[in-house]
Amino acid sequence: MEVRRLRRVFQVLVLAVLVAVPLYSQNPIEWAPSRIAMGELPPPRVSRVWGDTWSFSFYGFTVTHPLAALEAMLAAKVVYLPLLAAALLPLAITLLLGRVFCSWICPAGFLLELNQRLGSFLSSRGVRLSLRVADYRYHLLGFALLLSFFFATPVVSAFDLPHVLGREIFYVLTYGAPSYGGLLLLTGVVLLEALAARRIWCRSLCPAGGFLSLLGAKRVVRISKRMERCIFCGECNIACPYGLRPVELGIDKDFNDRTCDNCGLCRDACPTGALYYAVRR
Ligand code: SF4
Ligand code: SF4
């Protein structure tokens with residue numbers, strides 16, 4: 001089975017939750033889908049289900065992005081145990097599976113994956129700018145955490161693309177309009193990727209993705225290769241959205257293991273079944 005199909009199920013489910021949460025949070029007495037369709041939105045109520053991929057709570061069970069927990073505690077300069085507890089599940093998943101959040105859950109990653117079609121279309125019409133950007137994710141992460149600490153305010157959360165997307169969906173479904181800042185950021189990244197460089201945000205700019213790359217560097221599950229099956233066709237290199245070189249797996253160190261998010265696109269593209277998910281003991 002193609003891993004991409006399985007990922008799509010997860011990505012669509014996450015998107016559905018992001019839409020369902022603000023709808024659920026409307027005042028149930030006044031709520032009616034027909035009113036929402038007419039643009040008349042009832043006032044939100046205090047809900048026991050709230051949040052998005054940055055932090056999510058379901059009737060008291062809360063999960064938090066590990067970076068959200070870290071930056072909140074840095075900003076407040078306290079160690080807050082409930083926040084640490086809320087980050088434990090995502091932390092354990094990342095330590096085991098790597099930054100699968102980016103490829104299996106992140107709604108912005110999903111949007112940008114779909115956006116590649118627009119990029120391909122524009123490219124086929126000769127509309128393409130050439131832009132090469134080094135990996136600045138770790139620099140931006142360090143800078144943002146320093147700012148959070150010194151200015152006592154979370155910084156990454158303001159620019160974290162999946163969080164911004166979740167927030168904008170919430171604004172639209174609750175207040176009837178997105179925020180200008182969030183809309184500008186999302187549109188800018190979508191256009192930049194379509195016109196200039198495939199997956200530039202996830203590959204070079206996303207501090208949260210950089211943080212998960214660091215956490216998942218020693219992950220247990222990773223893409224591996226059966227050398228005897230490889231015919232060195234290079235299809236896996238073409239499929240990799242981050243420009244990694246799975247063809248080098250097991251040969252030399254060119255493969256940037258830390259950036260790999262276990263998306264499985266190279267595995268799906270391999271015509272001989274040489275690539276597979278291995279469990280490192
Ligand atoms: S797609 Fe498969 S066979 Fe082709 S180079 Fe990559 S690992 Fe080897
Ligand atoms: S190497 Fe394969 S699994 Fe890793 S990011 Fe690239 S395509 Fe996805």
Side-chain angles (χ1 to χ4, degrees), residues 1-12 14 53 67 90 93-117 119-120 123 132-138 141 161-162 189 193 197-280:
M1 182 187 185
E2 278 192 1
V3 179
R4 188 171 54 94
R5 286 172 197 241
L6 203 56
R7 282 197 302 114
R8 285 286 181 270
V9 173
F10 277 82
Q11 289 169 319
V12 169
V14 171
T53 50
L67 183 57
I93 291 174
T94 310
L95 291 175
L96 279 175
L97 306 178
R99 58 177 196 125
V100 285
F101 171 86
C102 305
S103 52
W104 291 69
I105 292 173
C106 177
F110 183 28
L111 175 75
L112 296 176
E113 237 182 299
L114 298 181
N115 186 45
Q116 281 177 211
R117 294 180 189 195
S120 305
S123 217
R132 281 184 185 277
V133 179
D135 188 353
Y136 290 117
R137 293 175 305 151
Y138 307 114
L141 171 66
L161 216 56
V189 174
E193 296 214 351
R198 175 168 84 144
R199 306 306 298 275
I200 190 173
W201 178 267
C202 309
R203 189 158 32 98
S204 306
L205 301 173
C206 178
F211 184 70
L212 296 178
S213 280
L214 292 176
L215 284 181
K218 302 281 179 204
R219 64 190 176 281
V220 176
V221 176
R222 59 186 65 217
I223 284 286
S224 251
K225 185 161 77 169
R226 299 178 185 92
M227 291 300 290
E228 70 283 3
R229 287 203 192 174
C230 181
I231 55 173
F232 297 95
C233 62
E235 289 296 324
C236 49
N237 287 358
I238 296 169
C240 181
Y242 304 130
L244 307 181
R245 298 176 54 79
V247 74
E248 309 285 355
L249 269 168
I251 302 172
D252 64 26
K253 300 277 183 224
D254 252 21
F255 181 69
N256 181 350
D257 194 52
R258 206 159 61 179
T259 296
C260 174
D261 63 8
N262 273 345
C263 70
L265 287 174
C266 55
R267 175 196 171 276
D268 290 347
C270 178
T272 63
L275 297 171
Y276 68 108
Y277 285 112
V279 178
R280 198 178 58 158

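Atoms within each ligand, like the ligands themselves, are counted from 1 in listed order.
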Colleague: When you measure from atom 6 (Fe) of ligand 1 to every protein heavy atom, which one gives the shortest distance, and what is it?
Modeller: Cys236 SG, 2.3 Å
Colleague: Report yes or no: does Cys270 have an N/O/S atom closer than 2.8 Å to atom 6 (Fe) of ligand 1?
Modeller: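 Looking at Cys270, which is the residue asked about, there is no N, O or S atom under 2.8 Å from atom 6 (Fe) of ligand 1.
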Colleague: Enumerate the atoms of ligand 2 whose separation from the nearest heavy atom of Tyr242 is less than 4.0 angstrom.
Modeller: 5 (S)
Colleague: With heavy-atom distances below 4.0 Å as the criterion, list the atoms of ligand 2 near Cys260.
Modeller: 1 (S), 3 (S), 4 (Fe), 5 (S)
Colleague: For Cys102, is there any backbone N or O sitting under 3.5 Å from a side-chain donor or acceptor partner on Asp261?
Modeller: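 Here the side-chain-to-backbone pair does not exist.
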Colleague: Tell me whether Lys218 contacts the main-chain N or O of Leu95 through its side chain, where contact means a donor paired with an acceptor under 3.5 Å.
Modeller: no
Colleague: Which ligand 1 atoms does Phe232 reach within 4.0 Å, using its non-hydrogen atoms?
Modeller: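 Those atoms are 5 (S), 8 (Fe).
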Colleague: Under a 4.0 angstrom heavy-atom cut-off, which atoms of ligand 2 come close to Pro246?
Modeller: 1 (S)
Colleague: Go through the side-chain N and O atoms of Arg7 and Ser103 and say whether any donor and acceptor fall under 3.5 Å apart.
Modeller: no
Colleague: Looking at side-chain heavy atoms only, is the closest gap between Tyr136 and Pro207 below 4.5 Å?
Modeller: no
Colleague: Short list, please: which atoms of ligand 1 are under 4.0 Å from a heavy atom of Thr272?
Modeller: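 Every atom of ligand 1 under 4.0 Å from some heavy atom of Thr272: 3 (S).
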Colleague: With a 4.0 Å heavy-atom cut-off (strictly under), which part of Asn262 contacts ligand 2: side chain, backbone, both or neither?
Modeller: backbone
Colleague: Under 4.0 Å from ligand 1, counting heavy atoms only, is it the side chain of Asn237, its backbone, both or neither?
Modeller: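 For Asn237, no heavy atom sits under 4.0 Å from ligand 1.
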Colleague: Does the Tyr138 side chain pair with the main chain of Leu214, one donor and one acceptor, at a distance under 3.5 Å?
Modeller: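 Looks like no, no N/O pair under 3.5 Å.
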Colleague: Quick check on contacts: which atoms of ligand 1 are under 4.0 angstrom from a heavy atom of Lys225?
Modeller: 7 (S)
Colleague: Would you confirm whether Arg4, through its side chain, and Gly264, through its main-chain N or O, come within 3.5 Å as a donor-acceptor pair?
Modeller: no
Colleague: Report the part of Ile231 (side chain from C-beta onward, or backbone N, CA, C, O) that has a heavy atom under 4.0 Å from ligand 1; answer both or neither where that applies.
Modeller: both
Colleague: If we only consider heavy atoms of Ala239, is any one of them less than 4.0 Å away from an atom in ligand 2?
Modeller: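 No, that is not the case, since the closest heavy atom of the residue is not under 4.0 Å from the ligand.
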Colleague: Please report which non-hydrogen protein atom sits nearest to atom 2 (Fe) of ligand 2, along with the residue it belongs to and the distance in Å to one decimal place.
Modeller: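 Here the nearest protein heavy atom works out to Cys266 SG, 2.3 Å.
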Colleague: Under 4.0 Å from a heavy atom of Gly264: which atoms of ligand 2 are those, numbered in the order shown and with their elements?
Modeller: 3 (S), 8 (Fe)
Colleague: What atoms of ligand 2 come within less than 4.0 Å of a heavy atom belonging to Asp261?
Modeller: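 In order of numbering, the contacting atoms are 5 (S), 8 (Fe).
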Colleague: Checking the side chain of Asn262 only, and the main-chain atoms of Arg99 only, is there a donor and an acceptor separated by less than 3.5 Å?
Modeller: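 Checking the backbone N and O of Arg99 against the side chain of Asn262, no donor-acceptor pair under 3.5 Å is found.
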Colleague: Any heavy atom of Pro271 sitting closer than 4.0 Å to ligand 1?
Modeller: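 Distance cut 4.0 Å: Pro271 passes for ligand 1.
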Colleague: Any side-chain to backbone donor/acceptor pair from Glu193 onto Ile200? Under 3.5 Å, distance only.
Modeller: yes
Colleague: Hey, are Ser204 and Arg199 close enough side-chain-wise for a donor-acceptor pair under 3.5 Å?
Modeller: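 Per modelled atom types, Arg199 and Ser204 side chains form no pair under 3.5 Å.
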Colleague: For residues Gln11 and Glu113, is any side-chain donor paired with an opposing acceptor at under 3.5 Å?
Modeller: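 A pair is found: one side chain offers a donor N or O, the other an acceptor, under 3.5 Å apart.
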Colleague: May I ask you to decide whether Arg222 forms a salt bridge with Asp257, counting only side-chain N to carboxylate O separations under 4.0 Å?
Modeller: yes
Colleague: Pull out every atom of ligand 1 sitting under 4.0 Å from any heavy atom of Val247, numbered as shown with elements.
Modeller: 5 (S)
Colleague: Can you name the atoms of ligand 2, numbered from 1 with element, that are less than 4.0 Å from a heavy atom of Ile223?
Modeller: 3 (S)
Colleague: What residue and heavy atom of the protein are closest to atom 4 (Fe) of ligand 1, and at what distance?
Modeller: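 Residue, atom and distance for the closest contact: Cys233 SG, 2.3 Å.
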Colleague: Under the 3.5 angstrom rule, does the side chain of Arg229 hit a backbone N or O of Arg226 as a donor-acceptor pair?
Modeller: no
Colleague: Before giving the answer on side-chain hydrogen bond (donor to acceptor under 3.5 Å, both in side chains), spell out for Arg258 and Ser213 the whole-Å C-alpha distance, their side-chain angles and the decisive distance to 0.1 Å.
Modeller: CA-CA 5 Å; Arg258 206 159 61 179; Ser213 280; over 6 Å; no
Colleague: Select one of side chain, backbone, both or neither to describe which atoms of Cys240 lie under 4.0 Å from any atom of ligand 2, heavy atoms only.
Modeller: both
Colleague: Do you see an N/O/S atom of Cys263, backbone or side chain, under 2.8 Å from atom 2 (Fe) of ligand 2?
Modeller: no
Colleague: Which heavy atom of the protein is the closest neighbour of atom 8 (Fe) of ligand 1, given with residue, atom name and distance?
Modeller: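 Result for atom 8 (Fe) of ligand 1: Cys230 SG, 2.3 Å.
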